[in-house]
2 protein chains.
Amino acid sequence: MSITIREVAGAAGVSQATAARALSDYGSVSPAARERVLKAAAELGYEPNRIAQALRSGAAKVISFVPGNIDVPFFARAAHILADRLERAGFVLMMASSYENLERERSIVEAMRSRMTSGLVIAPTSSQDSVHLVRLHEAGTPVVSIDRSLADVGIDSISVDNADLSMQATQHLISLGHERIAILYDSDDIDSSAQRVAGSRAALEDATVRGSLLPVRGGMTLESAITAFVSAMQGPDRPTAVLAADSMMTEAALYGIRALGLRIPEDISVVGVDDHSLTPLLDPPLTLMSQPVDAISNGAVDLMLSRLTGSGPISTRHVQLRATLVVRSSTAAPSL
Amino acid sequence: MSITIREVAGAAGVSQATAARALSDYGSVSPAARERVLKAAAELGYEPNRIAQALRSGAAKVISFVPGNIDVPFFARAAHILADRLERAGFVLMMASSYENLERERSIVEAMRSRMTSGLVIAPTSSQDSVHLVRLHEAGTPVVSIDRSLADVGIDSISVDNADLSMQATQHLISLGHERIAILYDSDDIDSSAQRVAGSRAALEDATVRGSLLPVRGGMTLESAITAFVSAMQGPDRPTAVLAADSMMTEAALYGIRALGLRIPEDISVVGVDDHSLTPLLDPPLTLMSQPVDAISNGAVDLMLSRLTGSGPISTRHVQLRATLVVRSSTAAPSL
DNA sequence: CTGTTAGCGCTTTCAT
DNA sequence: ATGAAAGCGCTAACAG
């Protein structure tokens, strides 16, 4: 077993309580006593038992992160930043992906809660069913929603402006002269996807030329998305451009286009989402909407930390950041 | 606050101890009592307090994962599998990247230990300095090393056979007719990298033709690797092929080659490491060594679970798996 | 089969 | 400024 605070107190010749006060820096301790305690702790190699601290004080200095899927570069990068900054603030990051499964999300959140997590950063699978999150939040554990926002339940959120994202992308395509545009998205149930489809539609409606949007629902796996996309492209009046609504859909579109034997951008223009270290090296380099992952992640940490210290705003915050269009070579004017 | 076992016991009309026995399924409880307890627990929505359980029983049903860097696809994928399988076994995955920094690795491991982690899966930053891991291991917490192995300290490991990996890659290049081959690797301090350089060298020495190896040390960042590679390629007798020793080096080589204005594979052949969903779509599709991430991760879980239940082998296990060569279009015979 | 009892290591009143 | 003592929620002897 390891050194306990009792042994430190013994070695320093003070009571357990004084040792605790010195080590956790609260209450009042005489400088002399403090020094002896700190010295004894260092000599014995004392390390506080976080579990005991948590049981007594009600929080474990652990922040939980529940991304939709850690394989997605957006979330991997977010995990990096969260862990980095939270660690510096004295927390450890505990994470588990929901894999976009609500049942699983619930059980993960419960597992985190029962381990006395100090706060939760989550990309909620459903924008509708969030009672488990609300309950946690109302019990006093700060919850910050990232990448997606929740229906009006008083939970802070920070995400990209999804409608704006696809509006920008669609306008880019329209300005190039495209009039038949497909949008490949995963599911109507995921809020951000629905918003992106809506944004595209709005852009098309605002345009001076009369364009049409072909929404293609790709489902939750790469395979299903490829299949859906390929069959949609085989219909009459094939779109001359496609907007892939997230990174998985981007891959699906690329694979689908290859399977169809189409050339980019001669036969079809492609706008993807989410930059990645390899996208500039693709054939051709991919035009895409780049999400401000760093700003979103840092913002989530700031929100979390301010809620944790109680120094934050009273009211719920919903931050929306803008994605930026990165034009490379996968988009061009449609050939006639 | 949430429901405690005391309240469940009260509602069921039994003692706390009986309730605990029924809920955690140990000792003996009469069927009638068990049923009443379970019913009461369900009605009250009782959820055990894992922190209290951990404090009392000494382990928190948490497994820690400390990858070198979660941004690397290899580790992101491993995290996915670990979380998935461990969760099914009743554990939660807690993770934090060391970012290949030993000091940081130590503090993370300590943070995990003080939170009573049940087991540790780690990609050790250093193969030399592992006292913190040995100490944890000797204190009874199973430690499994993944992707890299440790100097002989009795810790289980599961990784790819690094020498074999680069031998296969180099032999592929030799069989194509290359005689001047560069290997771009990060650092001599990382065991796996050193082994890969050695494997390449061995392949060249075994070959019937007299080839030469140009080792290029890229350092720990993408930028430094690109710089090192570009300047090495500007010397006399430029190599006709390059083996990038890991995924970051693969990107570095690709960016470097583009900066130099070289064509692949006409001017230079490239073998990368680590498959990724985008590599088949690169220009040209990348020939690479694919590491068996799934097998490594699953193997790590199996080892961990067997150590946890004490059902594993007595002796230390060092598992090495083979990488497989995936030939695509970035390698060809050198042009004369 | 079941209840009583004693802590796990720590924080936190409450006295002094 | 400090010590004594209680107890967070749970498990695990030990009696009965």
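Proteins come first, then strands; the chains are lettered A, B, ... in the order of their sequence lines, and each starts at number 1. All values below were derived from every heavy atom in this structure, side-chain atoms included, with hydrogens, water molecules and symmetry-related copies excluded.
Counting non-hydrogen atoms under 4.0 angstrom, B/I5 reaches the backbone sugars and phosphates but no base.
Here D/dC10 presents its P atom at 10 Å from CD1 of B/I3, a figure rounded to the nearest Å. Atom CG in A/N49 sits about 12 Å away from atom P in C/dC8, given to the nearest Å. One interatomic measurement links the two molecules: CD1 of A/I51 to P of D/dT11, which rounds to 14 Å at whole-angstrom precision. B/E7 places its CD atom 11 Å from the P atom of D/dC8, with the value rounded to the nearest Å. Distance CG (A/L55) to C1' (D/dG7): 9 Å, rounded to an integer number of Å.
For A/R317, the CZ atom is loosely surrounded, since the number of other residues' heavy atoms within 6.0 Å does not exceed 12.
When the local axes at the two ends of the helix from C/dC1-D/dG16 to C/dT16-D/dA1 are compared, using 5 base pairs at each end, they differ in direction by 40° after rounding to 10°.
Between B/E47 and A/R113 there is no salt bridge, since no side-chain N of the basic residue sits under 4.0 Å from a carboxylate O of the acidic one. Salt bridge status for B/E103 with B/R106: present, with a side-chain N to carboxylate O gap under 4.0 Å.
Remark: A/Y46 engages no residue in a ring pair (Phe, Tyr, Trp, His ring centres under 6.0 Å) (not counting sequence neighbours).
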Across nucleotides 1-7 of chain C, 5' to 3', mark each nucleotide with B, S or - according to how protein heavy atoms within less than 4.0 Å reach it.
BBBB-BB
